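It should be emphasised that the depicted structure is a prediction, and the values quoted were computed from it without experimental measurement.
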Amino acid sequence: MLNIKVEWFDIEKKLGQSTAMSQVFLDNEVLKDSNYYIPMDTGNARDSGIIHSKIGSGQIQWVAPYIKPIYYDSNMNFSTDRNPNATNLWYEYAKAQNLDDWVKGAEEAFKQGF
């Protein structure tokens, strides 16, 4: 006779740790890569993403009264003096450029946690 006892809480704990590591990786990369394209005058828009995002929660946000207009208005001409990569829809642009790397990195972070 063979008896096997599986401690589910150990598996759940490992899965939770792996998922958390993966989420932290993804949040950091999304914020970093998105900020690469954010229009910059004083740096407040970029900094608002760093301050208001909750790394590890899946919540990345830029908070300032002028964020929505500069994000959605494709007719705005952004100065490229401080950021030559500046564009509206900076998250969407970063996602288009980096999604494969985000997925691969998140998968690697998950494996390292397990």
Side-chain angles (χ1 to χ4, degrees):
M1 175 181 278
L2 174 65
N3 287 321
I4 298 174
K5 183 177 179 183
V6 176
E7 298 291 339
W8 182 250
F9 64 88
D10 286 339
I11 294 171
E12 278 185 284
K13 184 178 176 184
K14 285 286 192 184
L15 285 173
Q17 290 170 346
S18 292
T19 301
M21 288 178 69
S22 184
Q23 189 66 60
V24 167
F25 169 85
L26 184 59
D27 292 353
N28 276 312
E29 292 300 296
V30 167
L31 182 59
K32 174 183 64 80
D33 292 340
S34 296
N35 277 344
Y36 182 77
Y37 298 105
I38 200 164
M40 200 171 329
D41 181 21
T42 63
N44 287 340
R46 177 204 58 215
D47 293 348
S48 79
I50 295 166
I51 292 166
H52 295 285
S53 295
K54 294 174 180 53
I55 301 300
S57 73
Q59 185 176 5
I60 305 301
Q61 58 184 2
W62 292 267
V63 179
Y66 51 83
I67 291 292
K68 275 188 178 181
I70 65 172
Y71 186 80
Y72 290 108
D73 189 352
S74 61
N75 294 321
M76 264 193 181
N77 292 320
F78 301 112
S79 169
T80 55
D81 292 344
R82 300 227 24 232
N83 183 2
N85 305 300
T87 186
N88 68 317
L89 300 171
W90 52 86
Y91 162 74
E92 295 297 334
Y93 196 79
K95 180 180 167 187
Q97 301 300 311
N98 299 290
L99 183 60
D100 290 342
D101 292 334
W102 293 349
V103 170
K104 288 176 192 169
E107 287 172 348
E108 279 301 312
F110 184 87
K111 290 176 190 173
Q112 288 177 5
F114 208 81

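Hydrophobic clustering (side-chain heavy atoms under 4.5 Å, transitive across Ile, Leu, Val, Met, Phe, Trp, Tyr) keeps Y66 apart from I51. Tracing side-chain contacts under 4.5 Å through hydrophobic residues (I, L, V, M, F, W, Y), one reaches Y37 starting from I50; they form part of the same cluster. Placement of I55 and M21 in two distinct hydrophobic clusters is found when ILVMFWY residues are connected by side-chain heavy-atom separations under 4.5 Å, directly or transitively. Side-chain heavy atoms closer than 4.5 Å link hydrophobic residues (I, L, V, M, F, W, Y) into clusters, and following such links, possibly through other members, connects V24 to L99. In the hydrophobic clustering of ILVMFWY residues, with side-chain heavy atoms under 4.5 Å counting as a link, V63 and Y72 come out apart.
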*Report the C-alpha separation of K32 and E29 in whole Å, then their side-chain angles, then the decisive distance to 0.1 Å, and conclude whether the salt bridge (Lys or Arg N to Asp or Glu O under 4.0 Å) test is met.*
CA-CA 5 Å; K32 174 183 64 80; E29 292 300 296; 3.4 Å; yes
*asked:* Could you go through Q17 and K13, starting from their C-alpha distance and side-chain angles, then the distance that decides it, and tell me whether this counts as side chain to side chain contact (heavy atoms under 4.5 Å, CB included)?
replied: CA-CA 6 Å; Q17 290 170 346; K13 184 178 176 184; 3.5 Å; yes
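Within a 6.0 Å radius of OH in Y93, no more than 12 heavy atoms belonging to other residues, nucleotides or ligands are found. By the 6.0 Å contact criterion, CZ on F78 is enclosed, its count of non-hydrogen atoms from other residues, nucleotides or ligands being greater than 12. For NZ of K68, the number of neighbouring non-hydrogen atoms (other residues, nucleotides, ligands) closer than 6.0 Å is 12 at most. Open room surrounds CG on D41; 12 or fewer heavy atoms of other groups in view lie less than 6.0 Å from it.
In this structure, the separation between OG on S48 and CD1 on I67 is 4.5 Å, given to the nearest 0.5 Å. To the nearest 0.5 Å, atom NZ of residue K111 and atom OG of residue S18 are 11.5 Å apart. Here CD of Q59 is found 4.5 Å from NZ of K54. Values are rounded to the nearest 0.5 Å. Here the CZ atom belonging to R46 is positioned 10.5 Å from the CG atom belonging to L31, to the nearest 0.5 angstrom.
D33 contributes no side-chain N or O that, together with a main-chain N or O of K95, makes up a donor-acceptor pair within less than 3.5 Å.
Scanning all heavy atoms of the two residues, the minimum distance from I60 to W62 falls at CG2-CH2, 3.7 Å. The two residues S22 and A109 make their nearest non-hydrogen contact at CA-CB, 3.8 Å. Closest non-hydrogen pair, Q61 versus S53, comes out as N-OG, 3.1 Å. When every heavy atom of T87 is checked against every heavy atom of P39, the shortest pair comes out as O-CD, 3.5 Å.
A heavy-atom distance below 4.5 Å is found between the side chains of Y71 and E92. Looking only at side-chain heavy atoms (C-beta outward), W90 and I70 come within less than 4.5 Å of each other.
By the 30° and 60° cut-offs, the orientation of the rings of Y91 relative to W102 is parallel.
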